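What you see is a predicted model, and the numbers here were worked out from it, not measured in a lab. Note: hydrogens, waters and symmetry copies are ignored here, and every other heavy atom, side chains too, is used. Residues take their numbers from the sequence shown, with the count starting at 1.
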Amino acid sequence: MATFLSKLGRLAFRRKGVTLLLWLLVFVGMGVAASSAPAPPADTFSMPGTESQEAFDLLTEKFPDASVDGATARVVVRAPEGTKVTTPATRTEVERLVTELGVSSPQVAGVADPYESPAVSISEDGTTAYTVVTYKVPAAEVDDEAHDALDDATEQAREAGLTVEAGGDAVKIEQAMGGTGEQIGVLVSAFVLVLTFGSMIAAGMPLITALIGVGIGISGITALGSTFGLSGTTSTLAMMIGLAVGIDYALFIVSRFRAERAEGRTPEEAAGRAVGTAGSAVVFAGLTVIVALAGLAVVNIPMLTKMGLAAAGTVAVAVLVAITLVPALLGLAPVKVMARRGRLRYAVRPLSDRQRRRAARHEAKLARRTRPNLGTRWARYVLRHPVIVLLVGVIGLGTVAVPAASLELGLPGEGQMSTQTTQRKAYDLLSESFGPGFNGPLTITVQTVSADGTGATSAGTPADARRTGDEIGKALARTPGVASVSPATANKAGDTAILTVVPTTGPTEKKTEELVHALRDTADDLERSTASRILVTGQTAMFIDFSQTLDDALLPYLALVVGLAFLLLMVVFRSVLVPLKAALGFLLSVAAALGAVVAVFQWGWLADVFGIDAPGPIMSTMPIFMIGVVFGLAMDYEVFLVSRMRESYAHGARPGEAVVDGFRYGGRVVGAAAVIMMSVFSGFIVEDNDFVKMIGFALAIAVLFDAFVVRMAIVPALFALLGRSAWWLPKWLDRILPRVDVEGERLAGTQPAARSPRESTLVG
């Protein structure tokens, strides 16, 4: 591996013009393909194998006229204080609103008149009514004109004295990605890189290559969007992860190049060794991230699978960019990439007298710097006090992880939006006037089947289907937690009926989930006595099934990604205990990150600081996303830091010396990489999109815990306690595992040149 990558790095360094041209062509080509591709499809949500999805598919088949995928807006009207919506003057204004909504936009298909079905659309106290506006197009295709028309109609009704709010997927949501997060992350990353390298050229290379990699990845997602059903949301995770790993991967190769130059190697030799050693770590670190993201496919939710594969593809591009484009850019500026103050010592052209004097002064200054760098001092401290460091790290993370025991999962709805939004106000008006369960009705499908036990559909008359549905509805109405059950509606074929169950509790309450399970248990008993197939669906039931699907997939997903990454790390480090403690440390940092997320987003701690308007359940997708991404990133730090230790140990250093060497050369760079990742992820906290805000915070805090507590403290403490045992590998296993030579033992001139204290200071 190291030999092949070293040759690749040398080739890219020598043929820098060709390499840059090829990447430029790829970048432009993907951009052209993206710009000419059809618009990406709207977000679709499906959960194969669940009862909710089976019922939804049945409704689409049996009620084709009612299954039009058009957007809807539910407009809620409350009469002025002391009056009712049935008061003549108020009714006139409500009817004017209904008329205006119907003619406001050509995209509107129809508007329901609340006075035609007052028992359903008007509250018992007569103060509140609602109407449903149906559109001809899906929510993603409702244009600005239609949004503005809806806003204008409701505003006119407010001016007439009514309280009017609107909810539903046709209502404009001001929570789109604004791009502020990426900008903040890039700016902070640039500042950290300048401090780390002391060179604008060196700092610019990781940024430029990361942006090129992300640009290619996002353009590829856009170009393939219509073919593979990749919506605009799919690119969010890819952008977040691609930007972070792209910067970090280039950072490690540029840093290793500078270290090799400080050892006295020529620019081409330094580029080859940088790609051969640090590049090997990049490849294996990238593989762990790809495995973690692609592993989302085991959840069997198409939306998550697409997001994971798209992000994995962007990471693969970042790896290719790091091992080819970065050495090509180094070939353009092999001297200017070095720290500005010590740059003259690497000059290839003859120096003037003034430049020689400046170089001599700098050499003398470096010679006086005999004090070890911060990474060396910290490693030696941990080696002297391993037990204390280990206990503080484990107990500290364990304490932060305590709130994770109270984790409550749910999916975002209008009830979790800011109280200042019209959607949340409409939600609250409906809850107050019609009951908390009105916002989360359940749909029951009743399909008649033959009595011969084959399960085939038995067609009858619509009246027969309604009669069977009403009979089942009466039985379901006796279930505790049911507020009301609507009369059954049959399809034209007479083989399927639907009815609506309104719970007594809200959509996100635990009792509503218990009701769904109780209704399904009751349905199982009723199926035998009524010769029917009874299914429970609706948005609330789908959310419950979604959370259950994620819970069921969590352990298999963990087993897959941890198992595969364990094998990869065992091959890289020729050890059993190193990958084991890497996995255990990851679990500890994830638990602590989940605890912090629960404390902030569920309990509301520091809610004002992070701009959280309505603390509530954690989004169901967040934990599995965080586990997938953080596992990959955690293995990044493990590979980058421990590979330096392994390299030193393989070259004859004692275990303690190997730990010190790992921190001398890798500690500062790993720390900078972690700060960069934290800044990239933290930038997304300022976005308005709730999911993006939550995942940004979760990833940033997880990187903080994993990089600075687990990898920088707990890992070296364990190395100190284990000694040579840390690198133990059974002989039989050593024989069958492939050798990939990440340490670069087979590279020409493997043994590094003697280092003086000043050189250690320079490269540390």
Side-chain angles (χ1 to χ4, degrees), residues 241 244-245 248 281 284-296 298 308 311-312 315 389-390 393-402 404 407 553-573 575-597 622-643 645-646 662 666 670-671 673-674 677-678 681 695 697-719 722 726:
I241 303 305
V245 301
D248 278 3
F284 278 93
L287 282 176
T288 60
V289 180
I290 291 171
V291 165
L293 292 171
L296 289 171
V298 305
V315 172
V389 173
L390 181 63
V394 172
I395 294 174
L397 291 181
T399 302
V400 178
V402 169
L407 176 67
L554 188 58
L555 287 180
Y557 175 68
L558 274 174
L560 173 68
V561 297
V562 173
L564 290 177
F566 183 91
L567 292 176
L568 283 174
L569 293 177
M570 190 161 56
V571 169
V572 171
F573 295 126
S575 167
V576 173
L577 296 181
V578 169
L580 178 62
K581 65 180 180 56
L584 294 177
F586 151 75
L587 294 175
L588 185 59
S589 58
V590 162
L594 278 177
V597 170
M622 198 283 300
I624 202 161
F625 263 131
M626 189 183 72
I627 288 172
V629 175
V630 174
F631 184 81
L633 300 182
M635 296 307 104
D636 279 1
Y637 302 128
E638 183 77 10
V639 169
F640 288 136
L641 187 61
V642 179
S643 62
M645 300 180 191
R646 171 67 186 175
V670 169
M677 285 225 182
M678 289 169 56
F681 295 143
I695 199 71
F697 173 84
L699 294 178
I701 201 73
V703 168
L704 173 66
F705 292 152
D706 195 88
F708 292 103
V709 181
V710 174
R711 309 302 155 190
M712 294 284 197
I714 294 177
V715 165
L718 287 172
F719 270 115
L722 292 173

Problem - Met677 and Tyr637, any side-chain heavy atoms less than 4.5 Å apart - result: yes

Handout entry: Exercise: identify the closest heavy-atom pair between Gly662 and Leu641
Key = O-CD1, 3.8 Å

Problem - Shortest non-hydrogen separation from Tyr557 to Leu296 and the atoms involved - result: CE1-N, 3.5 Å

Exercise for the section: Please report the closest heavy-atom contact between Ile701 and Ala596, naming both atoms and the distance. Expected result: CG1-CB, 4.2 Å

Practice task
Would you mind reporting whether Leu554 and Ile627 have side-chain heavy atoms less than 4.5 Å apart?
Solution key: yes

Handout entry: Closest heavy-atom pair and its distance - Ala698, Met626
Key = CB-SD, 3.5 Å

Exercise for the section: Measure across Met712 and Pro716 and return the closest heavy-atom pair with its distance rounded to 0.1 Å. Expected result: O-CG, 3.3 Å

Practice task
State, yes or no, whether a side-chain contact exists between Leu560 and Val291 at a heavy-atom distance under 4.5 Å.
Solution key: no

Exercise for the section: Might you point out which heavy atoms bring Ala726 and Ser575 nearest each other, and give the distance in Å? Expected result: O-OG, 2.5 Å

Handout entry: Flag side-chain contact, heavy atom, 4.5 Å: Val394 against Ile714
Key = yes

Problem - Residue list, side-chain contact (heavy atoms from CB on, under 4.5 Å) with Ala553, at least two apart or on another chain - result: Val299

Practice task
Taking the side chain as every heavy atom from C-beta outward, state whether Leu699 and Ile241 have any atom pair closer than 4.5 Å.
Solution key: yes

Donor-acceptor pairs under 3.5 Å, side chain of residues 582-593 to any protein atom, not counting sequence neighbours: which ones?
| unit_1 | atom_1 | unit_2 | atom_2 | d |
| --- | --- | --- | --- | --- |
| Ser589 | OG | Gly585 | O | 3.3 |
| Ser589 | OG | Phe586 | O | 2.8 |
| Ser589 | OG | Asp706 | OD1 | 2.8 |

Handout entry: Residues in ring pair (Phe, Tyr, Trp, His ring centres under 6.0 Å) contact with Phe719, at least two apart in sequence or another chain
Key = Trp727

